Amino acid sequence: MARSRATLAPLALILLAASAVLLFFVVLAGTTRVTPFSRTYFLSADTSSIAGARPISQWTFFRICGASNRGCSHAWPDPPVGWAWSRNPTGTNLPARLIGSYGGGTTSYSYFYMWRFGWVFYLLALFFTVVAFFTGFLACFGRLGSALAGMMSTVALLFLTIAASLMTATFVRMRDQFNAVGRSAKLGVWAFGFTWGAVGGLLIATALFWIGIRNRDPVSSTGMRWGRRRSVRSRRSYDLGTHRVKEDYA
């Protein structure tokens, strides 16, 4: 049992490292043309004939790009989704529910704040995932380290679950709005896969850290196992005159 549990911390560290890498793939999307960064985006939609927009717009974490994540805008923290087009845009088949007075007159209230909070929770999740990874090395030395790593991993999992949920809600609804006005739009398989894959990795790593807190030796020094005393019987014999006497005692 002790040997099997000794492998929990290294396995959890591998999962945490994998989750952090997946999150970095999402955060750094659009910064280079190398795969997977060139294929990672939250949503790709037809924005042709909308004033100030590219023929195809793809929303990434820091930028809004064209097809294949080319011709991206300058990197900006928490870019409003409406920055894909100009202020108070004109054109045909406009996704009216996405357009509003927020983000410099480009984005509606609900989409502006849904993605703003989702963006912030992404960064918090990435930060605590990295903290949990380095704290996880303490789990290799005992239960206290497992407890600290478990707490950090739990916080990272909470923030990432919120971020992934807000991401899904924002861009699924955006896709539906584009489709409702006759424009093609599709979700980014890579970004969604990386995000929910990181959630799964964090979930398993968190469970492994908490399992590592349990007592590694279920048999105590008093001979108890799970509260039940084991019966120990011994036998002593000795000679008394010409007779052999045996005593059994517990």
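Treat the numbers as computed from the prediction; the structure is a model and nothing was measured.
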Between L138 and L144, does a side chain to side chain contact (heavy atoms under 4.5 Å, CB included) hold up when you go through it step by step? CA-CA 8 Å; L138 299 176; L144 180 58; over 6 Å; no
Interatomic spacing from OG1 in T206 to CG in L157 - rounded to 0.5 Å: 5.0 Å
Mutual orientation of the aromatic rings belonging to W190 and F194 [parallel < 30°, tilted 30-60°, perpendicular > 60°]: perpendicular
What's the separation between atom CD1 in I99 and atom CD1 in I50, rounded to the nearest 0.5 Å? 6.5 Å
Determine yes or no for a side-chain-to-main-chain donor-acceptor pair under 3.5 angstrom, with S108 supplying the side chain and G100 the backbone. no
With hydrophobic residues grouped by side-chain heavy-atom distances under 4.5 Å, do L126 and I14 end up in a single group? no
Ring centres under 6.0 Å, that's the criterion: do Y109 and Y113 meet it? yes
Value for OG (S73) from CD1 (I64), rounded to nearest 0.5 Å, stands at 5.5 Å
Does the plane of the ring in F62 sit parallel, tilted or perpendicular to the ring in W119? Use 30° and 60° as the thresholds. perpendicular
For T170 and M167, indicate whether the former's side chain and the latter's backbone hold a donor-acceptor pair under 3.5 Å. no
Hey, mind stepping through T195 and Y122 against side chain to side chain contact (heavy atoms under 4.5 Å, CB included) and telling me if it holds? CA-CA 9 Å; T195 300; Y122 249 105; 2.4 Å; yes
Between the side chain of T40 and the main-chain N/O of A191, is any donor-acceptor distance below 3.5 Å? no
Looking at R63, is its backbone amide N or carbonyl O close enough to the side chain of W76 to form a donor-acceptor pair, meaning the two atoms are under 3.5 Å apart? no
Heavy-atom donor-acceptor pair, R33 side chain to R70 backbone, under 3.5 Å: no
Closest non-hydrogen atom pair, T92 against S49: OG1-OG, 3.3 Å
Counting only N and O atoms by type, is there a donor-acceptor contact under 3.5 Å from the side chain of R183 to the main-chain atoms of S48? yes
Please find the pair of heavy atoms, one from F37 and one from N69, that lie closest to each other, and give the distance. O-ND2, 2.9 Å
Reference residue T129; test side chain to side chain contact (heavy atoms under 4.5 Å, CB included); the match among V155, V21, L202, L124: L202
Can you tell me how far the CG atom of D176 sits from the CZ atom of R97, to the nearest 0.5 Å? 11.0 Å
Testing the 3.5 Å rule here: is there a donor-acceptor pair between the side chains of T107 and W115? no
Find out whether L22 and F25 are in side-chain contact, i.e. whether some heavy atom of one side chain is under 4.5 Å from a heavy atom of the other. yes
Can you name the closest pair of heavy atoms from L16 and S153 and give their distance? CD2-OG, 4.0 Å
With a 4.5 Å limit on heavy-atom distance, are the side chains of F134 and V130 in contact? yes
On a heavy-atom basis, the closest approach of L94 and P89 is CD1-O, 3.6 Å
F121 vs T161 side-chain heavy atoms within contact, under 4.5 Å: no
Tell me whether T60 contacts the main-chain N or O of G30 through its side chain, where contact means a donor paired with an acceptor under 3.5 Å. no
Within a strict 4.5 Å, meaning less than it, do heavy atoms of the F112 and V81 side chains meet? no
ring-ring contact (aromatic ring centres under 6.0 Å, His included) evaluation trace for F141 with F137: CA-CA 8 Å; F141 302 101; F137 286 98; 8.9 Å; no
Here the gap from S146 atom OG to L8 atom CG, rounded to the nearest 0.5 Å, amounts to 8.0 Å
Flag the pair Y111 / Q177 as yes when at least one side-chain heavy-atom distance between them is below 4.5 Å, and no otherwise. yes
Could you pull out the closest heavy-atom pair between G103 and P80, with the gap in Å? CA-CG, 3.9 Å
Do you reckon I56 sits in the same ILVMFWY cluster as V189, going by side-chain contacts under 4.5 Å, direct or chained? no
Over 60° means perpendicular and under 30° means parallel, so classify the ring planes of F42 and F61, tilted if in between. tilted
Measuring from S19:OG to L160:CG, what's the distance to the nearest 0.5 Å? 7.5 Å
Determine, using the 4.5 Å side-chain heavy-atom cutoff (strictly less than), whether V181 and W59 are members of one ILVMFWY cluster. no
Going through the distances and angles, do F171 and F192 end up as a side chain to side chain contact (heavy atoms under 4.5 Å, CB included)? CA-CA 10 Å; F171 293 103; F192 275 74; 4.3 Å; yes
Between W210 and T154, do the side chains contain a donor N or O and an acceptor N or O under 3.5 Å apart? yes
Show, in sequence, the C-alpha distance, side-chain angles and deciding distance for V199 and W196, and conclude whether the side chain to side chain contact (heavy atoms under 4.5 Å, CB included) test is met. CA-CA 5 Å; V199 172; W196 286 107; 4.0 Å; yes
Sidechain-backbone polar pair: R175 side chain, L187 backbone, donor-acceptor under 3.5 Å: no
Closest approach of Y41 and Q58, non-hydrogen atoms and distance? CD2-NE2, 3.4 Å
